[in-house]
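For reference, the structure discussed in these notes is given below.
Every value quoted in this text rests on a predicted model; they were computed, and no experiment measured them. Just so we're on the same page: letters track the sequence lines, and every chain starts at 1.
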Amino acid sequence: MLQLQAIREQKDEIIIALKKRNVDATPLLENVISLDDKRRDVQTKLDNTLAESNKLSKEIGMLFKSGKANEATILKERTVTLKEDSRTFQEELNTVAEELQALLYQIPNVPHPSVPAGNTDEDNEEIFREGDIPKLVDGALPHWELAKKYDIIDFELGVKIAGAGFPVYKGKGARLQRALIAYFLDKNTAAGYQEIQVPHLVNEISGYGTGQLPDKEGQMYHVTEDDLYLIPTAEIPITNIFRDTIVNQKDFPITYTGYTPCFRREAGSYGAHVRGLNRLHQFDKVELVRVEHPDNSYAALDGMVEHIKGILRELKLPYRILRLCGGDLGFTSALTFDFEVFSTAQDRWLEISSASNFEAYQTNRLKLRFKDENGKSQLAHTLNGSSLALPRVLAGILENYQTENGIKIPEALVPYCGFDIID
RNA sequence: GGAGAAAUGGCAGAGUGGUCGAAUGCGGCAGUCUUGAAAACUGUUGAGGGUCACACCUCCGGGGGUUCGAAUCCCUCUUUCUCCGCCA
């Protein structure tokens, strides 16, 4: 959520910046400002009424104490109208505050100056590419065929148990999955991230804290009986650890890594481009979350990008990094780098990681602050990145490492798997 | 799931209708003392709104109510603890 103060002071700059998202925020921002004016006005009226009322109450108390009941009774009558007024102002204030809140929820984060203009993923800017695209044997298969051939992932069985998009991993497929999780967590903890295990269901307030609600309501599975949401990403539970907290500046950087399954409804997205592991309702992901001093958040983002690069390099997968354009940028993000692995057999790039700086957008909702040198509370910055989304890494490995004799296991994973080929 | 108890500042813990944003202790910060540190002593120390700065307003788990006045009384929700039941 953008800060009111920023909206008031830099309205025009924000409008121009939001144009990169193809959003004309002019009416929205003007509405916000006029509502905030109104809010202040009503708040002042309410405060004054309450102040007078408080004063009278004190006087009445004193009079009663000194036995002047008659005078007290006279004063009491004066409180009647004050009470009515304060009730009216309070209701008005609640209404205005609610409207204001609803408007603020609709405004996406302001893109970083480096974010390129553009509408779709076509306009994303490739900033880095590394790794050789392997020359595959004739008759190279896409991963869903390989999964069947070697009997390591069973999509039909998942349909039987839960539905489409819930694959069952079997044998070496399951083991490879577990190996990847352990490998990623090891890489992350070696880089200083603290490992953590968090709930896979979250309450509504947590969903608002990180910005999935109300923006992506339909993307999440909702358990109505208990009013809980299945997490679409570990970002929600991990970041919400810090909701309503004032952290110590000395604790920066705060870094966490956690593995969770992720659940996404992906309503309406069916077809050839979501075959196999490309898009699922349930998948595994190891996530990175950082809470940073505002002065350091972009350096931290760069560091996160370098860290993820190191993992892909070690896995020897061909990948590229994109700077997302305004139209493709997530609602809450100021700057996002996507990582894509080249899927040779499918001849397309698959998004496997995404690293974002949310600046103070989430922390403003979370009330996540720190005390600066002057003892003033300031909003911290939050970042996150996937390291990595398992299914597409798996797809990349299966497709790029296939040989006539079977699927080779990347060297770095062999100790985790206990085998070096799937055949 | 049933019965009972509780929820107060970073922590512990007073406060049961009026001057309580809240005693006290610990912790934190600053200072005195010390070569330095510890101890001791002194001061300071919640958050938000509002203001140039004050004033002023709000917050004692959340929401609602009673009252001129609520941390204190009532209702409700949530959470925690104890006992019973059930059960990985």
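Atom P of B:A71 sits at a distance of 13 Å from the matching atom of B:C57, rounded to the whole Å. With C1' as the reference atom, B:A70 and B:G15 are 13 Å apart, rounded to whole Å. Rounded to a whole angstrom, the distance from the C1' atom of B:A55 to that of B:G61 is 31 Å. Nucleotides B:A38 and B:C33 place their C1' atoms 12 Å apart, quoted to the nearest Å. If you take atom C1' in B:U67 and the same atom in B:G18, they sit 12 Å apart, rounded to whole Å.
Atom-to-atom distance recorded for A:L35:CG and A:Q101:CD is 11.5 Å, nearest 0.5 angstrom.
Across the interface with RNA chain B, nearest-nucleotide mapping of A:D36 and A:R87 shows A:D36 to be the residue nearer the 5′ end.
When both distances must be under 3.5 Å, the Watson-Crick or G-U wobble mate of B:A38 does not exist.
Under a cut-off of 6.0 angstrom, the local environment of CD1 in A:I205 is sparse, with at most 12 non-hydrogen atoms contributed by other residues, nucleotides or ligands. Around CD of A:E411, the count of heavy atoms belonging to other residues, nucleotides or ligands within 6.0 Å does not exceed 12.
One finds a salt bridge joining A:D36 and A:R8 here, because a Lys/Arg side-chain nitrogen approaches an Asp/Glu carboxylate oxygen to under 4.0 Å. With respect to the salt-bridge test (charged N to carboxylate O, under 4.0 angstrom), the residues A:R392 and A:E340 do not qualify. Classification of A:K170 and A:D154 as a salt-bridged pair holds, one side-chain N sitting under 4.0 Å from a carboxylate O.
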Between protein and nucleic acid, restricted to nucleotides 17-23 of chain B and to nitrogen or oxygen atoms under 3.5 Å apart, what atom pairs and distances do you find?
{"residue": "B:G18", "atom": "N2", "partner": "A:S57", "partner atom": "O", "Å": "2.8"}
{"residue": "B:U19", "atom": "O4", "partner": "A:K65", "partner atom": "NZ", "Å": "3.4"}

Is there any protein nitrogen or oxygen under 3.5 Å from a nitrogen or oxygen in nucleotides 51-60 of chain B, and what are the pairs?
{"residue": "B:C57", "atom": "OP1", "partner": "A:N54", "partner atom": "ND2", "Å": "3.1"}
{"residue": "B:C57", "atom": "O2'", "partner": "A:D47", "partner atom": "OD1", "Å": "2.8"}

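With A:F128 as the aromatic partner, A:K309 meets the cation-pi criteria of under 6.0 angstrom to the ring centre and within 45 degrees of the ring axis.
For A:H112 and A:Y298, the ring centers are positioned less than 6.0 Å apart.
Residue contacts for A:T73: at a heavy-atom cut-off of 4.0 Å it reaches no nucleic acid atom on any strand shown.
Listed by chain and number, the residues in a side chain to side chain contact (heavy atoms under 4.5 Å, CB included) with A:P111 are A:A17, A:L18, A:K20, A:R21, A:V115, A:L329 (sequence neighbours excluded).
Closest approach to the A:R39 side chain among B:G48, B:U67, B:G49 is made by B:G49 (side chain taken as heavy atoms from C-beta onward).
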